[in-house]
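What follows is one structure encoded as structure tokens, with my remarks underneath.
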Amino acid sequence: MSTRDDVLARLRAAGGAATSGEKIGRDLSISRAAVAKHVAALRSRGYTISAAPGSGYRLVSAPNLPVPAEVAPLVCDPLWVRIEGKEVTASTNDDARQLAGSGAPEGTVVVAGSQTAGRGRLGRQWQSPEGGVYLSMVFRPALAPASIAPLALVVGLGVIEALETFGVTARLKWPNDVLLDGGKVAGILLEMSAEADRVEWVVAGVGINVVPLAGSGVPGAAFLAADGSVPGCPGVSRPSVAAAVLDAVAPVYRRFLAEGFGPLAAIWNGSDALQGQAVVVRTAQGEEVAEGIAEGVDAEGRLLVFSDAGMTRVVAGEVTLKGRA
Ligand code: BT5
């Protein structure tokens with residue numbers, strides 16, 4: 001944490017009461033003038049901090065930004081040991097990969113308020129304007145590379161549980177989409193580094209569309225708070241969405257490590273957006289892998305597609321509803 005974050009933590013700890021610059025300075029072993037400088041820097045970042053002579057500084061409001069200083073105080077699960085990030089970055093997955101590559105522990109997280117080079121799978125773009133939540137989690141599961149694929153489904157389960165805490169019921173589209181009213185509200189990108197028989201690290205990135213902002217038109221996208229709020233939750237806070245995702249993903253991840261994907265498959269199937277639908281599955285190159293009725297996933301997270309020719313267990317591919325592009 002920077003000294004600026006420390007000053008913010010003191011103001012927050014006062015719970016809306018005023019704290020003198022002198023006391024903050026004493027606690028942090030810095031001068032009153034230095035405290036004033038940090039307060040000015042916080043104000044320029046969107047914090048409203050009142051100052052009254054004789055009583056001191058009071059935190060009135062914080063910006064609606066999923067940055068570490070806002071997200072970390074809301075995260076409860078002990079899996080998350082380190083939360084990094086900034087307002088704008090190129091890609092939180094790139095940042096998390098770099099951290100993982102230089103030894104960052106499992107439970108390291110990178111958050112951002114917008115991305116300039118957000119990525120989807122297979123080199124596709126993830127539009128990442130201000131108004132969304134972008135986060136990447138570092139996992140170090142003691143698993144073989146071949147057992148990792150269901151982790152995207154595990155993270156998806158965590159994301160829909162998190163959205164449920166805002167009263168929003170989303171559905172899952174194999175393998176990595178989260179849908180709301182048919183539109184894509186979130187996407188998941190899994191990347192890993194592995195040796196032949198051992199995973200070194202996995203970075204799971206999640207992008208969530210929270211509030212639509214003018215000029216940020218994303219075709220086919222849905223938003224958690226379409227008009228800036230969700231029922232019962234006016235002015236939905238992006239830091240709380242980020243924290244809810246982290247706190248929902250952690251227990252599902254632990255269960256996956258302890259019991260495998262088998263017991264989670266039934267839960268996943270309960271939120272399957274494709275259940276019973278006629279689908280076509282193609283490779284990234286457009287080659288058809290399967291065509292038929294989607295009937296959920298198996299204990300390894302493979303999509304089951306039934307046709308007259310029998311059942312296909314699909315390991316990877318792009319799913320479209322039959323008759324659509
Ligand atoms: C995904 O890829 O859905 C994975 C997206 C992962 C994004 C997160 S954000 C944090 C972390 N850092 C990163 O750089 N990435 C991760 P895919 O299934 O390939 O879907 C990509 C497609 O979704 C695009 O080709 C568009 O059609 C569509 N799309 C792009 N941006 C979108 C958005 N904001 N909302 C909805 N759909 C979008």
Side-chain angles (χ1 to χ4, degrees), residues 65-68 71 83-100 108-139 149 151-156 158-160 162-163 170-192 201-226 238 241-242 245-246 249 273-274 281-286 303 314 316-321 324-325:
L65 259 181
V67 289
V71 176
I83 299 185
E84 301 276 334
K86 45 195 180 191
E87 279 178 52
V88 185
T89 192
S91 155
T92 56
N93 256 45
D94 290 349
D95 298 340
R97 288 172 61 124
Q98 204 166 15
L99 287 169
T108 298
V109 177
V110 180
V111 288
S114 63
Q115 299 182 122
T116 53
R119 291 186 288 112
R121 293 175 306 148
L122 307 161
R124 290 190 285 247
Q125 224 190 349
W126 183 256
Q127 298 201 34
S128 311
E130 182 60 40
V133 166
Y134 311 97
L135 63 86
S136 298
M137 302 162 272
V138 176
F139 297 106
L151 192 48
L153 311 186
V154 166
V155 172
V159 172
I160 61 164
L163 299 189
R171 300 189 78 72
L172 294 160
K173 176 175 175 250
W174 190 90
N176 70 323
D177 289 359
V178 181
L179 305 182
L180 185 59
D181 302 328
K184 187 160 169 174
V185 69
I188 295 155
L189 173 65
L190 224 61
E191 297 181 302
M192 74 169 165
W201 50 256
V202 180
V203 165
V206 181
I208 305 164
N209 301 320
V210 180
V211 191
L213 293 185
S216 67
V218 183
F223 291 83
L224 171 61
R238 290 152 72 206
V241 172
V245 168
L246 293 171
V249 166
L274 297 173
V281 190
R282 296 189 179 86
T283 64
Q285 290 71 39
L303 181 70
V314 184
E318 304 292 310
V319 186
T320 47
L321 289 178
R324 302 224 191 134

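Note that ligands are numbered from 1 as they come in the structure, with each ligand's atoms numbered from 1 the same way. Just so we're clear, the structure is a prediction, and the values are computed from it rather than from any experiment. As a basis for the values below, the full set of heavy atoms in this structure was taken, side chains included, without hydrogen atoms, waters or symmetry mates.
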Test item: W174 and L153 side chains (from C-beta on) under 4.5 Å apart, heavy atoms: yes
Report the part of V185 in contact with ligand 1, treating N, CA, C, O as backbone and CB onward as side chain, heavy atoms under 4.0 Å; options are side chain, backbone, both, neither. neither
Has N176 got a side-chain atom pairing as donor or acceptor with L189's backbone, closer than 3.5 angstrom? no
Let me confirm one number: the CZ-CD distance from R121 to E191, rounded to the nearest 0.5 Å. 11.5 Å
Counting from 1 in the order shown, the ligand 1 atoms closer than 4.0 Å to a non-hydrogen atom of N176 are 1 (C), 2 (O), 3 (O), 4 (C), 18 (O)
For atom 8 (C) of ligand 1, which protein heavy atom lies nearest, and how many Å away is it? G207 N, 3.6 Å
Out of all atoms in ligand 1, which are within 4.0 Å of some heavy atom of G118? Include the element for each. 14 (O)
Going by the 4.0 angstrom heavy-atom rule, the piece of R124 near ligand 1 is side chain
Start with the C-alpha distance between V133 and V245, add both sets of side-chain angles, then the distance that settles side chain to side chain contact (heavy atoms under 4.5 Å, CB included), and finish with yes or no. CA-CA 10 Å; V133 166; V245 168; over 6 Å; no
Where is the nearest protein heavy atom to atom 34 (N) of ligand 1: which residue, which atom, and how far? Q127 O, 2.9 Å
Identity and separation of the nearest protein heavy atom to atom 38 (C) of ligand 1: W126 CZ3, 3.4 Å
Within the 4.0 Å heavy-atom shell around L135, which atoms of ligand 1 are there? 10 (C)
For the pair K173 (side chain) and K184 (backbone), establish whether a donor and an acceptor sit closer than 3.5 Å, ignoring hydrogens and angles. no
The closest protein heavy-atom partner of atom 24 (C) of ligand 1 is Q125 O, 3.5 Å
State the CG-CG distance between L274 and L321, to the nearest 0.5 angstrom. 6.0 Å
Which residue and non-hydrogen atom of the protein lie closest to atom 15 (N) of ligand 1, and at what distance in Å? R119 O, 2.8 Å
Determine whether any heavy atom of L122 lies closer than 4.0 Å to an atom of ligand 1. no
Is at least one protein non-hydrogen atom found at under 4.0 angstrom from atom 27 (O) of ligand 1? no
Kindly say whether V67 contributes a backbone atom to a donor-acceptor pair with the side chain of E87 at under 3.5 angstrom? no
Shortest non-hydrogen separation from V88 to T116 and the atoms involved: CG1-CG2, 3.9 Å
Side chain, backbone, both or neither: which part of Q115 comes within less than 4.0 Å of ligand 1 when only heavy atoms are counted? side chain
With heavy atoms and a 4.0 Å threshold, my read on which part of N209 contacts ligand 1 is side chain
Given A152, S91, A90, which has its nearest heavy atom closest to atom 14 (O) of ligand 1? S91
What residue and atom, counting heavy atoms only, is the protein's closest point to atom 23 (O) of ligand 1, and at what distance? K184 NZ, 3.5 Å
Quick test: of every protein heavy atom, which one is nearest to atom 10 (C) of ligand 1, and how far off is it to 0.1 Å? T92 OG1, 3.1 Å
Determine yes or no for a side-chain-to-main-chain donor-acceptor pair under 3.5 angstrom, with Y134 supplying the side chain and P129 the backbone. yes
Check whether any side-chain heavy atom of E130 lies under 4.5 Å from a side-chain heavy atom of L65, and answer yes or no. yes
Nearest protein heavy-atom contact for atom 4 (C) of ligand 1: which residue, which atom, what distance? I188 O, 3.5 Å
Is there a donor-acceptor contact under 3.5 Å from the side chain of R238 to the main chain of G113? yes
I'd like to know if the side chain of S136 reaches the main chain of N93, judged simply by a donor and an acceptor atom lying under 3.5 Å from each other, with no hydrogens or angles considered. yes
Structural part of S136 in contact with ligand 1, heavy atom criterion under 4.0 angstrom: side chain
